[in-house]
> 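Would you mind keeping the following structure in view while I ask a few things?
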Amino acid sequence: GDYAILGRVTVVSETSKSGYSQLLEEAKELYPDCDDVLNIILDTKQTSFLFFRSKPKYIMSGIAVDYLDM
């Protein structure tokens, strides 16, 4: 079907429970016409100094789209 790309959306969380629903919720806040999030990427970031490590941050991003024929 036809769809319009609305833009990239990103969610940063300190828990690994950052899932698709959280990403879709953020996408709908930024783009009210958003129907789905595609091409999802999950990454982690953690800093360390000597023997000390920070809590990992989970970064999830994707492309918000609007299905035009819905």
> Applying side chain to side chain donor-acceptor pair (under 3.5 Å), name anything that partners Asp36, two or more places apart in sequence or on another chain.
Tyr20, Tyr67

> Are more than 12 heavy atoms, taken from residues, nucleotides or ligands other than Leu30, located less than 6.0 Å from that residue's CG atom?
yes

> Using every non-hydrogen atom in the two residues, find where Leu23 and Gly62 come nearest and quote the distance to one decimal.
CD2-N, 4.2 Å

> For Ile41, which residues count as a side-chain contact (heavy atoms from CB on, under 4.5 Å) partner, sequence neighbours excluded?
Ser61

> Quick one: pull up OG1 in Thr44 and CD1 in Ile59 and give me the separation to the nearest 0.5 Å.
7.5 Å

> Grab the two heavy atoms, one from Ala27 and one from Val37, that are nearest each other, plus how far apart they are.
CB-CG2, 3.8 Å

> Considering non-hydrogen atoms only, spot the tightest contact between Gly7 and Tyr31 and give its length.
CA-OH, 3.5 Å

> Checking side-chain contact (heavy atoms from CB on, under 4.5 Å) between Tyr3 and each of Asp35, Val65, Ile63, which is the one that passes?
Val65

